[in-house]
Structure formats: C-alpha cells, structure tokens
Amino acid sequence: MVDRLANSEANTRRISIVENCFGAAGQPLTIPGRVLIGEGVLTKLCRKKPKARQFFLFNDILVYGNIVIQKKKYNKQHIIPLENVTIDSIQDEGDLRNGWIIKTPTKSFAVYAATATEKSEWMNHINKCVSDLLSKSGKTPSNEHAAVWVPDSEATVCMRCQKAKFTPVNRRHHCRKCGFVVCGPCSEKRFLLPSQSSKPVRICDFCYELLSTGEMTACQPTRSDCYSHSPKSSLNDVSDDDDDEDSSD
C-alpha cells in the first residue's frame, strides 16, 4: 500500500497541507517515496507537565510540533528519522494512560494516546514502518538511546545525593546520561555524548565516574520506575511554548 501511495496525488496533497501548517519555519517534507501514514494529537510528557502535541507519522520519519491552531497551524517542528527509533510500552498510572516511550540516540520521551486502541494503532504502525525501513536498508536497530528525563515534579530532592532540596534558588538540573533530576553540585561535570551534542553536556557525578572508566552501559538506569508514580497533571493543556526539556538545564 505504501508503494502505491508514494506517488499519488492524494498523498502529495496531504503532505503539502502538513508543510503549510508548519509555515516557513518548518522544514520541507515532500520527497520522492515519502508517504503520510497517519496523524493525531498525543500527550507528550515534558519536563514540567504533560502537553498536547500534534504528531505526523510518515513511512520514514516521525514529525511533531506545538499546536497553535488545531488542524491549521503548528510550530516548533521536530523531525525524527524512524530508522533510529525503538518504542516501549508504559504501564498505566493515574491520569497518564495508554502511553509508550519513543527512544532515539539523540532524544527519548514518553507520549500518551487518548485510548488503548489508539495506542495500539500508533505502536503497530511505528513498528511496521521501522521494520520496513531496516529491512530495505539492511541496517540493524539502534542499541543506543538517550535517557528519558524524569519530570521535575518527581523530585523534591536531588536524586543522587538525596539531600539537596529544590527551591526557586536551588534549581533542578537533568543529567543527560541517566535523565535523573539532580542538584548543581552533583552535576558540575561535562562529558561529550556525540549522539546528543557536539559539545560536552551536563551529567551527574555518578555517570561521569562510570563514563570516565568506560562503564558506559552501567550509567543507563531502567526507565520503567520513572513512570510508576507520574504526576496527575491535566492532559488537556495545549501550549505553543517550546518543549521544557529542550532547555539548557
């Protein structure tokens, strides 16, 4: 079906509409062989609270952005190559239900669908697209993924020293390797993580020690625990602000 739609007028028109919704600030999306598989609103777990984002699934990329005017205007376009994507289901907890983690070498985050059926359809379509891409290219799935950031609300004290309390003066920071919320003194080190940045990025002392000794895999914690007590925030918040986790801290 994808091959049949690739050069169809209907597919070209649909992709053109998506491009126009992002405006001049968005990157062009029309290329030979690209097909728009589906679209919809998903709740993305950002650093400070869950936020509604518009997602577009193509046969080779996943695109999402902030909702300015539903079905008419979006901004802050993000493009993720699907061949670098793996996904894992998240157990339901409180108001945050029907979720899964989208993992890539540069960025990983959790999203939530409105229903279990919608979640299943999204995950099945993403997995199918990734499988088809890897089959055609002969590549193997990526085994390196950026950490999912623990939401600010999950940590009232530093997750490393367990002592420093967070206040308006004592700010929260995120380790780029493990995703933990840590205090300034516990994250003064910088380390080059080439998949995430061309410059050294903030990491916690624990990860720095392991990275410095070559025990890279030991730095990556299991993410399931980070979603077992997720905050019961409103899932209807629509914001055109930039994603909180894209900040420098």
Side-chain angles (χ1 to χ4, degrees), residues 1-47 49-87 98-115 117-137 139 142 146 235-246:
M1 178 179 291
V2 170
D3 292 336
R4 188 172 71 248
L5 291 173
N7 299 312
S8 70
E9 290 185 9
N11 178 65
T12 301
R13 186 167 58 252
R14 291 177 68 200
I15 295 179
S16 178
I17 291 173
V18 176
E19 284 184 341
N20 292 335
C21 286
F22 278 103
Q27 296 184 37
L29 298 172
T30 303
I31 65 170
R34 177 168 290 164
V35 175
L36 178 58
I37 305 297
E39 62 183 272
V41 177
L42 297 174
T43 298
K44 181 174 179 290
L45 191 61
C46 297
R47 175 177 178 177
K49 59 182 178 180
K51 296 181 179 180
R53 296 286 184 256
Q54 180 73 28
F55 280 77
F56 300 93
L57 176 63
F58 296 83
N59 60 327
D60 62 333
I61 58 174
L62 182 66
V63 178
Y64 71 92
N66 295 10
I67 302 170
V68 181
I69 303 175
Q70 182 66 39
K71 296 291 185 180
K72 293 184 178 181
K73 186 177 180 181
Y74 312 109
N75 64 11
K76 305 295 183 182
Q77 184 190 68
H78 297 262
I79 300 178
I80 302 174
L82 281 178
E83 65 178 15
N84 296 328
V85 168
T86 58
I87 57 177
N98 310 314
W100 67 97
I101 299 175
I102 297 173
K103 301 189 295 185
T104 80
T106 58
K107 187 176 185 177
S108 301
F109 53 91
V111 292
Y112 296 84
T115 66
T117 299
E118 186 179 346
K119 169 186 174 177
S120 177
E121 290 177 348
W122 270 102
M123 292 188 69
N124 287 338
H125 284 308
I126 291 174
N127 279 327
K128 179 65 166 59
C129 289
V130 173
S131 176
D132 289 348
L133 278 173
L134 294 178
S135 177
K136 290 179 180 179
S137 67
K139 296 181 180 179
S142 175
L235 299 186
N236 298 316
D237 177 64
V238 178
S239 170
D240 59 357
D241 294 335
D242 196 6
D243 286 348
D244 297 304
E245 73 273 32
D246 292 332

Report summary line: S108 and K103 have their tightest heavy-atom pair at OG-CA, 3.4 Å
Requested in this report: Let me see the working for V111 and T43 under side chain to side chain contact (heavy atoms under 4.5 Å, CB included), right down to the final yes or no.
Outcome: CA-CA 5 Å; V111 292; T43 298; over 6 Å; no
Query - Mutual orientation of the aromatic rings belonging to F55 and F109 [parallel < 30°, tilted 30-60°, perpendicular > 60°] - result: tilted
Report task. Return the set of residues passing ring pair (Phe, Tyr, Trp, His ring centres under 6.0 Å) with F58 (not counting sequence neighbours), or none when no residue passes. Result -> none
Query raised in the report: Does R14 come within less than 4.0 Å of E9, counting only side-chain N to carboxylate O?
Result: no
Report task. To the nearest 0.5 angstrom, please state how far the NZ atom of K44 sits from the NE2 atom of H78. Result -> 7.0 Å
**Report entry** Considering all heavy atoms, the nearest E39-K71 contact
**Finding:** OE1-NZ, 3.5 Å
Query raised in the report: If you measure from CD1 on I17 to CG on L29, what distance do you get to the nearest 0.5 Å?
Result: 12.5 Å
Query raised in the report: So E121 and N124, side chain to side chain contact (heavy atoms under 4.5 Å, CB included) or not? Walk me through it.
Result: CA-CA 5 Å; E121 290 177 348; N124 287 338; 5.9 Å; no
Requested in this report: Drop me the distance from L57's CG to I126's CD1, to the nearest 0.5 angstrom.
Outcome: 5.5 Å
Query - Backbone of V85 reached by a side-chain donor or acceptor of T104 within 3.5 Å - result: no
Query raised in the report: Is the closest side-chain donor-acceptor distance between S137 and E83 under 3.5 Å?
Result: no
Report task. Taking all heavy atoms of A146 and all of K107, pick out the closest pair and write down the distance. Result -> CB-N, 3.6 Å
Query raised in the report: When you check the gap from the basic side-chain N to the acidic O, do D132 and K136 get nearer than 4.0 Å?
Result: no
Requested in this report: Would you check if there is a donor-acceptor pair between the side chains of N66 and R53 at a distance under 3.5 Å?
Outcome: yes
Query raised in the report: Given the rule in the side chain to side chain contact (heavy atoms under 4.5 Å, CB included) test, do C21 and K73 qualify, once you have shown the distances and angles that lead to the verdict?
Result: CA-CA 5 Å; C21 286; K73 186 177 180 181; 5.9 Å; no
Query raised in the report: Checking side chain to side chain contact (heavy atoms under 4.5 Å, CB included) for the pair L133/K139: CA distance, chi angles, key distance, verdict?
Result: CA-CA 8 Å; L133 278 173; K139 296 181 180 179; over 6 Å; no
**Report entry** Nearest-0.5 Å distance, NZ of residue K72 to CD1 of residue I67
**Finding:** 14.5 Å
Query raised in the report: Below 4.5 Å, heavy atoms only, C-beta onward: do I87 and N127 meet side chain to side chain?
Result: yes
Query raised in the report: Where do K119 and W100 come nearest, in terms of heavy atoms and distance?
Result: CG-CE3, 3.6 Å
Query - Approximate separation, where rounding is to 0.5 Å, of I37 CD1 and C129 SG - result: 4.5 Å
Query raised in the report: Do N59 side-chain atoms and V35 backbone N/O form a donor-acceptor pair below 3.5 Å?
Result: yes
Query raised in the report: Which heavy-atom pair separates L42 from E118 by the least distance, and what is that distance?
Result: CD2-OE2, 3.9 Å
Query raised in the report: Taking atom CD1 of I79 and atom CG of D60, what is their separation to the nearest 0.5 Å?
Result: 9.5 Å
Requested in this report: Keeping the roles fixed (side chain from N11, backbone from L36), state whether a donor-acceptor pair exists under 3.5 Å.
Outcome: yes
Query raised in the report: Which of parallel (below 30°), tilted (30 to 60°) and perpendicular (above 60°) describes Y74 and F22?
Result: tilted
**Report entry** Y112 side chain reached by N98 side chain, heavy atoms, under 4.5 Å
**Finding:** no
